[in-house]
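Remarks on the structure that follows.
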Amino acid sequence: MTKSVDAPEVLEEIGLRGVELLTNPLYNKGTAFTAEERDELGLWGLLPPHVDNIDGQIDRAYQAFEMEPSDLEKYIFLRNLQDHNEVLFYRLLMEHIPEMMPIIYTPVVGEACQKFSHIFRQRRGIFVSYPDRRRIPEILDNVPRSKVQVIVVTDGERILGLGDQGTDGMGIPIGKLSLYSLCGGIDPATTLPIILDVGTDNEERLEDPLYIGWRNRRIRDERYDQFVEEFVENVIAKFPGILLQWEDFANRNARRLLERYRDRLCTFNDDIQGTAAVAVAAIMSALKVSSVQEIDQNYVIFGAGSAGIGIAELLETSLIHQGLSQVQAREKIWLVDRYGLLHKATPDLQAVQSPYARDLASLNFGDGGDIGLLEVVRGARAGVLIGCSGQGNAFRREVVEAMAANCERPIIFPLSNPNACCEGEPAQILAWSGGRALVATGSPFGPVSLDSGISTIEIGQCNNCYVFPGVGLGVIASGARRVTDAMFMKAAIALSELSPALSRPGASLLPALSDIRAVSAKIAFSVGMEAVRAGLADPSIDSEEALQARLEKTMWYPRYKRFKYRSG
Ligand code: NAD
């Protein structure tokens with residue numbers, strides 16, 4: 001294991017001593033409190049006599065992590081560590097990002113949410129429950145943080161691909177905020193996970209005697225909107241300048257809430273905008289690898305929900321930047337949902353889908369009825385195929401072969417999570433395309449061997465953690481007043497430039513997770529400069545150097561401080 005070297009210690013005066021200090025995860029250092037600190041802070045006898053440094057603690061914690069028999073128990077172990085000693089938690093994660101990220105976030109966080117009420121140990125974040133709606137100001141006053149910079153909020157209705165988990169969805173804001181600190185260097189002391197508990201329609205939860213949420217069916221009518229409104233109003237009043245991320249809301253609410261609030265505070269929806277930025281970045285990188293211009297390609301998106309529409313919109317923006325008109329850009333983007341190609345008469349067509357709905361009469365393929373994926377891939381002469389439908393193995397052999405017949409390097413991204421919902425196995429996509437496809441996935445997949453093991457293709461993971469922590473860091477450091485679509489476009493461009501596949505054949509389209517902090521810093525810079533350009537940044541940031549200095553100051557690194565007691 002690589003040993004870490006701590007920077008010179010920073011001295012901080014704190015008003016905590018004894019057990020109160022040891023039970024505060026932001027300050028607790030456990031066995032790393034020195035003899036001098038044990039004197040000063042009343043810790044003698046409360047800790048074993050040996051004084052550790054953080055490297056010894058990391059070794060011990062990693063051994064304990066390895067001894068946990070299942071992924072869920074590893075998750076419980078890490079969450080427990082987070083609730084006791086945040087610096088050690090993040091340092092351990094930083095040394096084992098590829099191994100531990102799938103534990104604290106997808107896919108294991110999904111299982112943790114499904115069992116959240118059963119593995120519940122200790123509170124973290126805040127619970128805003130519908131029956132307590134008149135107490136929202138009091139609830140926010142109870143937040144044990146003096147300064148809050150980022151909130152991630154969910155109502156638990158569409159947790160990953162797992163549907164309604166009610167209050168058990170709290171695992172998601174906790175996990176996302178851990179990634180903000182791990183990947184983007186946001187000080188965990190300034191982050192706040194929130195669950196809006198508006199009930200659940202999950203029968204299993206409603207009948208579970210251990211369920212920790214409000215045992216009631218979901219509030220869905222105007223009472224829901226009123227509740228969210230009261231919540232947002234109070235958040236703005238209590239934490240002016242806050243960055244609020246909406247997470248895992250059902251499709252019907254995700255877009256509405258984003259549109260309603262995006263001009264009232266600094267806010268975004270990661271399922272829509274973050275996903276789009278990562279996917280478009282990977283598309284841009286793949287197009288560069290295949291030496292095809294963005295405007296010369298045709299794009300099929302399979303699954304026209306939150307993620308699919310978000311990707312379509314950002315792609316459209318990108319194509320317009322490349323010189324196409326809006327009409328021309330939309331003509332290149334083909335959306336396929338459960339009834340086949342979206343068209344003007346598709347049943348229940350949503351307002352956000354309609355810009356991409358085709359006029360069937362104007363097509364030179366199809367027979368006027370529903371047009372399936374294979375026919376669209378052929379008819380549109382698609383070179384890029386993105387899956388966000390949740391339909392496992394929907395990219396059948398004929399579909400992949402049709403993509404391979406359309407162009408030299410078909411770009412095929414089955415993005416749906418978890419693995420059972422993934423539209424195609426990378427190994428099969430590569431085999432069916434004669435090894436020519438450029439593949440990235442939503443869930444992690446190992447490398448694929450080609451030509452009897454002569455070459456190896458790394459499969460990049462379109463993980464949203466490549467973008468949202470950097471966007472958050474850029475917004476906070478630049479003091480941006482709003483989060484704009486242009487910031488996500490800049491984030492996508494910055495990420496695409498860091499693709500290892502641009503310099504090494506067979507390499508992943510996305511950077512290594514172990515480089516994530518450097519990736520976030522680069523994205524944050526691009527986002528911050530966009531805030532400056534748009535006149536949304538703190539006016540004191542008047543140059544690239546000023547932004548860079550602010551970024552470096554904002555980026556938190558997990559290291560112990562030296563504590564002195566402050567009485568009174
Ligand atoms: P969503 O529910 O908003 O959208 C899913 C869409 O798929 C809906 O429009 C639905 O009608 C459509 N669909 C259902 N059955 C279909 C079928 N048989 N054929 C075609 N379309 C069908 O969900 P979402 O938030 O857009 O997420 C979709 C999937 O994408 C999930 O599995 C999610 O895990 C994944 N996702 C991946 C990433 C990533 O890789 N970074 C990010 C976000 C979402």
Side-chain angles (χ1 to χ4, degrees), residues 101-102 105-107 109-110 113 154 157-164 172 176 179 246-256 258 269-283 300-314 334-342 346-350 352-354 356-357 370-377 385-396 399 412-424 426 439-445 459-468 488 491-492 495 509-510 513:
M101 195 180 292
Y105 206 66
T106 53
V109 74
C113 285
T154 186
E157 188 168 8
R158 199 239 62 192
I159 295 299
L160 306 171
L162 304 168
D164 186 353
I172 294 294
K176 280 260 158 153
L179 298 189
W246 305 94
E247 188 65 36
D248 283 3
F249 282 73
N251 193 11
R252 71 177 149 268
N253 290 324
R255 173 71 61 160
R256 272 183 339 108
L258 176 64
N269 181 306
D270 189 51
D271 305 306
I272 300 171
Q273 296 159 288
T275 303
V278 184
V280 169
I283 293 171
V300 171
I301 299 173
F302 184 67
S306 298
I309 295 290
I311 294 169
E313 289 173 339
L314 198 64
W334 303 75
L335 280 149
V336 180
D337 206 83
R338 60 178 76 232
Y339 300 112
L341 179 68
L342 285 193
T346 294
D348 306 323
L349 193 69
Q350 296 164 27
V352 287
Q353 295 172 328
S354 64
Y356 304 100
D370 291 343
I371 307 179
L373 177 63
L374 178 60
E375 229 180 323
V376 176
V377 163
L385 172 61
I386 310 295
C388 21
S389 64
Q391 303 303 302
N393 296 316
F395 294 170
R396 304 184 322 267
V399 172
I412 305 181
F413 295 174
L415 295 186
S416 290
N417 298 313
N419 291 44
C421 300
C422 178
E423 287 85 358
V439 183
T441 51
S443 298
F445 280 90
I459 307 299
Q461 190 192 353
C462 269
N463 193 324
N464 290 28
C465 77
Y466 284 114
V467 163
F468 73 82
F488 283 94
L495 179 59
L509 289 169
L510 289 140
L513 281 177

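Counting starts at 1 for both ligands and their atoms, in listed order. Any value given below was found using the heavy atoms of this structure, including those in side chains, with hydrogens, waters and symmetry copies removed.
Those atoms of ligand 1 with a heavy atom of Cys462 less than 4.0 angstrom away are 39 (C), 40 (O), 41 (N). Ligand-side atoms of ligand 1 in range of Gln391: 14 (C), 15 (N), 16 (C), 17 (C), 18 (N), range being under 4.0 angstrom from any heavy atom. Less than 4.0 angstrom separates some heavy atom of Gly442 from each of these atoms of ligand 1: 40 (O). Per-residue contacts place Asn464 under 4.0 angstrom from the following atoms of ligand 1 (heavy atoms of the residue considered): 39 (C), 41 (N), 42 (C). Residue contact check: Ala304 has heavy atoms under 4.0 Å from atoms 9 (O) of ligand 1. Interface atoms of ligand 1 facing Arg158, defined by a heavy-atom separation under 4.0 Å, are 24 (P), 25 (O). Counting the atoms of ligand 1 from 1 in the order shown, those under 4.0 Å from a heavy atom of Leu415 are 35 (C), 36 (N), 37 (C), 40 (O). Less than 4.0 angstrom separates some heavy atom of Gly303 from each of these atoms of ligand 1: 7 (O), 21 (N).
Here the shortest heavy-atom distance to atom 33 (C) of ligand 1, taken over Asp348, Asn417, Val467, belongs to Asn417. The nearest non-hydrogen atom to atom 13 (N) of ligand 1, considering only Gly274, Gly387, Ser389, Ala250, comes from Ser389. Comparing heavy-atom distances from atom 5 (C) of ligand 1 across Cys388, Gly390, Pro107, Gly372 singles out Cys388 as nearest.
Residues satisfying the side chain to side chain contact (heavy atoms under 4.5 Å, CB included) criterion with Ala254, sequence neighbours excluded, are Phe249, Asn269, Ile272, Ser306. In this view, Ala491 and Val467, Val471, Ile523, Val527 satisfy the side chain to side chain contact (heavy atoms under 4.5 Å, CB included) rule, not counting sequence neighbours.
For atom 22 (C) of ligand 1, the closest non-hydrogen atom of the protein is Arg338 N, 3.7 Å.
Taken to the nearest 0.5 Å, the CD atom of Gln461 stands 7.0 Å off from the OH atom of Tyr466. Between Trp334 atom CH2 and Leu385 atom CG the span is 14.0 Å, to the nearest 0.5 Å. Note that the CD1 atom of Ile172 and the CG atom of Asp248 stand 5.0 Å from one another [nearest 0.5 Å]. Between the CG atom of Asn417 and the CG atom of Leu415 there is a distance of 8.0 Å, given to the nearest 0.5 Å. Here the straight-line distance linking atom CD of Gln353 with atom CZ of Arg255 works out to 10.0 Å at 0.5 Å rounding. Considering CE of Met101 and SG of Cys465, their distance stands at 4.0 Å, rounded to 0.5 Å.
By the definition of a contact as any protein heavy atom under 4.0 Å away, atom 3 (O) of ligand 1 is in contact.
Electrostatic pairing of Asp164 and Arg158 does not count as a salt bridge here, judged by no charged N lying under 4.0 Å from a carboxylate O.
At a heavy-atom cutoff of 4.0 Å, ligand 1 is contacted by both the backbone and the side chain of Asp337.
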